[in-house]
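In what follows, a structure is listed as structure tokens, so that the remarks can point back to it.
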Amino acid sequence: MRKILSRAFLAQSVLRVAPRLLGKFLVRRFRGKERACLITEVEAYDGPGDLACHGAKGRTKRNEVMFGEAGRWYVYLVHGLYSMLNIITGSQGYPAGILVRGVEGIEGPGRLTKALHIGRALNGKKAVKKGGLWTEDRGFKVRSSQIKRTPRIGVDYAGKVWVKKPYRFILKVKKINRPTGGPITLI
DNA sequence: ACGATGATGAAC
DNA sequence: TTCATCATCGTA
């Protein structure tokens with residue numbers, strides 16, 4: 001079962017979508033090869049009121065994708081080194097998105113984008129169709145008991161209220177059952 | 001604990 | 001034009 005995640009799914013509120021992104025697959029097509037990775041860690045950024053969200057400071061050239069339609073990638077550079085990959089969710093005009101922090105075998109948002117050759121060329125591109133990068137449901141089932149919630153990482157600047165929000169979702173998975181016995185990351 | 005490394009946005 | 005800041009990572 002392989003189904004590209006729809007715009008309608010992503011247009012729901014970010015706090016509903018974020019945990020449901022766990023167990024889905026991030027699929028990268030690059031230089032003629034396709035690689036699918038199970039998403040294991042995400043963070044939600046929820047609108048103009050969320051002081052950790054880029055959208056809270058108003059619309060700028062950098063963050064304008066956040067204010068657009070759900071189902072597009074928002075990619076930006078941090079610390080001059082690392083690209084951060086986010087998928088936009090919710091309603092048009094409401095800046096909200098989900099930072100993909102990890103996939104199976106690659107922990108860390110900067111490492112992940114480096115490994116999959118994800119950069120700002122993908123900023124603003126559609127995530128809901130086969131292109132360079134999209135997401136799929138491949139039938140991997142996640143129980144709520146497998147999801148751990150914690151505060152977000154690296155958002156100390158956001159003030160005590162928003163620093164503490166449990167908007168980080170981690171998929172706890174020991175061993176994954178897969179038909180082939182090979183790695184979950186498929187070429 | 002800290003340096004790498006550069007875009008970003010705001011102040012001036 | 002300058003400045004502080006930054007959704008990080010690797011090495012120590």
Side-chain angles (χ1 to χ4, degrees), chain A residues 5 10 12-26 28 30 35 37-91 93-125 127 132-135 147-172 185:
Chain A
L5 298 188
L10 294 164
Q12 301 176 93
S13 76
V14 69
L15 289 175
R16 180 173 173 81
V17 179
R20 287 168 177 77
L21 210 52
L22 297 175
K24 302 299 190 296
F25 283 78
L26 183 66
R28 176 69 167 133
F30 183 71
R35 182 174 178 184
C37 303
L38 185 91
I39 297 171
T40 55
E41 183 180 344
V42 298
E43 279 177 3
Y45 289 84
D46 188 19
D50 177 359
L51 298 186
C53 178
H54 285 179
K57 289 173 186 164
R59 190 171 185 150
T60 67
K61 193 168 191 174
R62 179 209 211 186
N63 68 17
E64 63 182 354
V65 176
M66 288 204 91
F67 291 81
E69 64 172 9
R72 287 180 185 265
W73 297 114
Y74 170 43
V75 184
Y76 65 91
L77 197 68
V78 71
H79 301 290
L81 289 172
Y82 301 103
S83 294
M84 297 289 109
L85 176 68
N86 302 253
I87 191 163
I88 299 308
T89 63
S91 308
Y94 184 88
I98 299 166
L99 170 66
V100 183
R101 292 191 56 91
V103 297
E104 197 200 8
I106 313 174
E107 204 168 305
R111 289 170 153 191
L112 151 62
T113 52
K114 186 178 173 188
L116 298 179
H117 301 97
I118 292 167
R120 280 173 298 171
L122 285 162
N123 187 45
K125 294 282 190 290
L133 187 66
W134 66 95
T135 50
I147 299 177
K148 184 182 174 184
R149 290 186 71 161
T150 81
R152 294 171 291 188
I153 301 298
V155 295
D156 293 345
Y157 61 87
K160 58 183 176 214
V161 171
W162 294 97
V163 164
K164 288 190 284 193
K165 295 280 186 187
Y167 286 179
R168 180 182 180 215
F169 301 88
I170 303 166
L171 178 61
K172 271 301 167 196
T185 297

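Source: prediction; values computed, not measured. The chains referred to below are lettered A, B, ... by the order of the sequence lines, with proteins before strands, and numbering in each begins at 1.
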- Note on the structure: Atom CD of Glu41(A) and atom C1' of dA7(C) are separated, to the nearest Å, by 11 Å
- May I ask you to decide if Gly102(A)'s main-chain N or O and Arg111(A)'s side chain share a donor-acceptor pair within less than 3.5 Å? no
Check the interface with nucleotides 7-12 of chain B: list each N/O to N/O pair with the protein under 3.5 Å, or write none.
{"residue": "dG9(B)", "atom": "OP1", "partner": "Thr60(A)", "partner atom": "OG1", "Å": "2.3"}

- Show your reasoning for whether side-chain contact (heavy atoms from CB on, under 4.5 Å) applies to Ile88(A) and Leu10(A). CA-CA 7 Å; Ile88(A) 299 308; Leu10(A) 294 164; over 6 Å; no
- Could you state the CZ-C1' distance from Arg152(A) to dT8(C), rounded to the nearest angstrom? 17 Å
- Quick check: does any side chain N or O of Arg28(A) sit under 3.5 Å from a backbone N or O of Gly132(A), one acting as donor and the other as acceptor? yes
- Item | Nearest-angstrom distance from the residue atom OH of Tyr82(A) to C1' of dG6(B) | 13 Å
- Task: Apply side-chain contact (heavy atoms from CB on, under 4.5 Å) to Val42(A) and Ile87(A), showing your working.
- Result: CA-CA 10 Å; Val42(A) 298; Ile87(A) 191 163; over 6 Å; no
- Task: Provide, to the nearest angstrom, the distance between the CG atom belonging to Asp156(A) and the C1' atom belonging to dT8(C).
- Result: 13 Å
- DNA chain B in dot-bracket, Watson-Crick or G-U pairs under 3.5 Å, [ ] crossing, | other strand? ||||.||||||.
- Query: Over how many whole Å does the gap from Trp73(A) atom CH2 to dA7(C) atom C1' extend?
  - Reply: 16 Å
- Do any N or O atoms from the side chain of Asn86(A) and from the backbone of Gly97(A) form a donor-acceptor pair under 3.5 angstrom? no
- Message: What is the distance, to the nearest angstrom, from the OH atom on Tyr74(A) to the C1' atom on dC6(C)?
- Response: 11 Å
- Query: Do any side-chain nitrogens or oxygens of His79(A) fall under 4.0 Å of OP1 or OP2 in dA4(B)?
  - Reply: no
- Item | Rounded interatomic separation in angstrom, taking CG from Leu51(A) and C1' from dT5(C) | 16 Å
- Query: Between Ala56(A) and Asp50(A), what is the shortest heavy-atom contact and its length?
  - Reply: CB-O, 3.2 Å
- Task: Name the residue closer to the 5' end of DNA chain C, choosing between Lys114(A) and Val155(A) according to the nucleotide with the nearest heavy atom.
- Result: Val155(A)
- Within this structure, what is the CG-to-P distance between Leu81(A) and dA7(C), rounded to whole angstrom? 14 Å
- Between Tyr74(A) and Asn123(A), is a side-chain contact (heavy atoms from CB on, under 4.5 Å) present by the stated rule, with each step listed? CA-CA 5 Å; Tyr74(A) 170 43; Asn123(A) 187 45; 3.6 Å; yes
- Is a donor on one side and an acceptor on the other found under 3.5 Å between the side chain of Glu41(A) and the backbone of Glu107(A)? no
- Task: Might you work through the side-chain contact (heavy atoms from CB on, under 4.5 Å) test for Tyr45(A) and Leu99(A), ending with a clear yes or no?
- Result: CA-CA 8 Å; Tyr45(A) 289 84; Leu99(A) 170 66; 4.0 Å; yes
